[in-house]
Amino acid sequence: MKVRITGAGASVPPMAMSNERLLNIFPGPRKRPWTPADFEKKTGIRERRFSFDLDDRTGRAVFPDGYGEPPGPAGVLTESALLEALAVAGVGAEDLDGLIIGCCTPDQLHFGSDAQLLHHRLGMRPDAALLQIDIGCGGAIFCLQWAKELILSGARKRVAVVMTHVMSPLFDREMYSGGVEYDRRANEAFLTALLFGDGAGAVILEATDDDSASEMLSSIAINEYFEIAVRRAGGNLHPPGLPTTATHDHAFHIIGKRVADAYAPVLKKVIDHALADARMDIGDIARFYPHQSNLRLIEQLIDVGGLPPNRTATNVERYGNTSGASVLILLAEDIRNGVTTLGSGDPVVIAAIGANLQYGTHVIRL
């Protein structure tokens, strides 16, 4: 028995948010505010997609009347991406034996509520396994690995994996004007507001015994504790009302220098390892799908890893960093646009790195 991908889908909100708008709301470094040209030069990001517009004065999302009932923006994107993946696979939600959702920005924080609601809305079978995981930019690697292992165990035959990230409802100018200190450097929270966009990506994994080339060939998934992203408030250590809990502790902080130092060398290492396990080399791979942290880091990976630029997919220019969803969105858009085809046997590489510190690679024949 082997495991293959039979469906893929992606969903991003229709509203594009420009660098100009965001830098007006979150002006950036206090010593020398960035211009839109500065930010694009540093990151390659021109715009990102948001589920809601932001108020130019407060930086908070402008919610429609009656907002607050589920499904929220994460649920909407998750459902849309999954429905596309099911359609591509030619199966219904009732045919799923399991659903794994990875998201660190859910509509409802506890009890796996987003996944439970989606399970109900889609009419999945009561015996279909369900798991919602709080995980960051490296999450797709791990969720795919868990789904693959679940299928290979014989416990399930068809499992959906959906990765979702939605930041736009969480922004606030005051909250994202503070910072934290790491490695004797100030890390200002405004960077998170500029880097990230909303989006979801989904795939369907199935067991098969046929003689096709399609198969999840090799993988490596690594955990090494090293903080590259932090949100101090919201848990037991910094609860509301604690005198030492500051407003900016509720913001997501990206430790930019650590991300920049780790991205290319770490991903090169795991890509090389997974390719060796699959008995392939760089030249054998039809498409590379690296995590969309920022374009400059992807360019570094292309350089040090020897990845062909014309076979390395990017969308960070248009979508920003969509966290764990980014690699699945890339794959789904390639399939949607006919760049590659499920069932073709084309070898592709998915590679991602994220908080805190999780990274890995899958080599897959589509």
Side-chain angles (χ1 to χ4, degrees), residues 12-13 15-61 136-137 165 167-168 170-199 227-231 247-248 251-265 267 290-304 309 312-323 326 330 353-355:
V12 296
M15 193 189 76
M17 179 66 71
S18 69
N19 292 337
E20 288 83 357
R21 280 284 313 282
L22 276 187
L23 281 164
N24 181 57
I25 299 169
F26 307 103
R30 288 185 286 265
K31 293 181 180 178
R32 187 184 71 82
W34 286 357
T35 67
D38 290 335
F39 183 73
E40 185 171 348
K41 182 178 180 180
K42 288 175 180 292
T43 67
I45 298 171
R46 297 191 304 270
E47 62 184 24
R48 70 289 294 145
R49 299 297 183 90
F50 278 3
S51 300
F52 301 101
D53 198 2
L54 301 183
D55 181 272
D56 288 326
R57 182 180 61 84
T58 66
R60 297 173 187 159
C137 295
H165 191 71
M167 286 290 296
S168 59
L170 305 177
F171 289 138
D172 175 280
R173 182 169 184 159
E174 181 183 1
M175 185 187 303
Y176 278 85
S177 65
V180 295
E181 185 173 312
Y182 273 81
D183 305 325
R184 298 182 180 180
R185 296 170 63 97
N187 291 270
E188 298 185 84
F190 86 97
L191 183 63
T192 307
L194 297 174
L195 285 174
F196 285 89
D198 299 352
E227 285 190 322
I228 61 173
V230 61
R231 189 189 194 194
T247 299
H248 65 257
F252 288 83
H253 297 264
I254 304 301
I255 316 305
K257 179 66 164 55
R258 291 186 175 186
V259 174
D261 288 346
Y263 183 92
L267 289 188
H291 168 55
Q292 303 291 286
S293 181
N294 80 54
L295 189 59
R296 304 304 167 230
L297 296 185
I298 297 168
E299 290 169 347
Q300 289 179 25
L301 176 62
I302 288 171
D303 183 44
V304 303
T312 302
T314 65
N315 60 23
V316 69
E317 310 96 316
R318 297 174 288 121
Y319 297 157
N321 181 344
T322 50
S323 189
S326 71
L330 286 172
I353 178 173

Within-4.5 Å side-chain heavy-atom neighbours: Ile353 and Cys137: no

Nearest atoms (heavy-atom pairs only) where Glu227 meets Ile255: O-CG1, 4.1 Å

Arg231 side-chain N/O to His253 backbone N/O, donor-acceptor pair under 3.5 Å: no

Under-4.0 Å salt bridge between Asp261 and Lys257: yes

Charged N-O contact under 4.0 Å between Asp172 and Arg60: yes

Side-chain heavy atoms of Leu170 within contact of Phe252, under 4.5 Å: yes

Heavy atoms from other residues, nucleotides or ligands near CD of Glu20 exceed 12 (cutoff 6.0 Å): yes

Partners meeting side chain to side chain contact (heavy atoms under 4.5 Å, CB included) with Ala16 (sequence neighbours left out): Glu47, Arg49

Taking every non-hydrogen atom, the tightest pair across Ser168 and Ala61: O-CB, 3.7 Å

Full working for ring-ring contact (aromatic ring centres under 6.0 Å, His included) between Phe171 and Phe26: CA-CA 10 Å; Phe171 289 138; Phe26 307 103; 5.8 Å; yes

N/O donor-acceptor pair under 3.5 Å between Asn315 side chain and Arg318 backbone: no

Minimum-distance pair of heavy atoms, taken over all atoms of Lys41 and Arg296: O-NE, 2.8 Å

Residues Tyr176, His248; criterion ring-ring contact (aromatic ring centres under 6.0 Å, His included); working and verdict: CA-CA 6 Å; Tyr176 278 85; His248 65 257; over 10 Å; no

Test: Arg48 and Asp198 ion pair at under 4.0 Å: no

Non-hydrogen side-chain atoms of Val316 and Ser293 separated by less than 4.5 Å: no

Side-chain touch Leu194/Phe39, heavy atoms, less than 4.5 angstrom: yes

Test log, rule salt bridge (Lys or Arg N to Asp or Glu O under 4.0 Å), inputs Arg21 and Asp56: CA-CA 8 Å; Arg21 280 284 313 282; Asp56 288 326; 3.0 Å; yes

Backbone of Gly199 reached by a side-chain donor or acceptor of Thr322 within 3.5 Å: no

Side-chain heavy atoms of Asn321 within contact of Gln292, under 4.5 Å: no

For Asp303, side-chain hydrogen bond (donor to acceptor under 3.5 Å, both in side chains) partners two or more places apart: none

Trp34 side chain reached by Lys42 side chain, heavy atoms, under 4.5 Å: yes

Side chains of Glu317 and Ile45 in contact at under 4.5 Å (non-hydrogen atoms): no

Audit row: His291, Ser326, side-chain hydrogen bond (donor to acceptor under 3.5 Å, both in side chains) steps and yes/no: CA-CA 6 Å; His291 168 55; Ser326 71; 3.0 Å; yes

4.5 Å side-chain heavy-atom contact, Tyr263 and Ile298: yes

Closest non-hydrogen atom pair, Ile254 against Ala229: CD1-CB, 3.8 Å

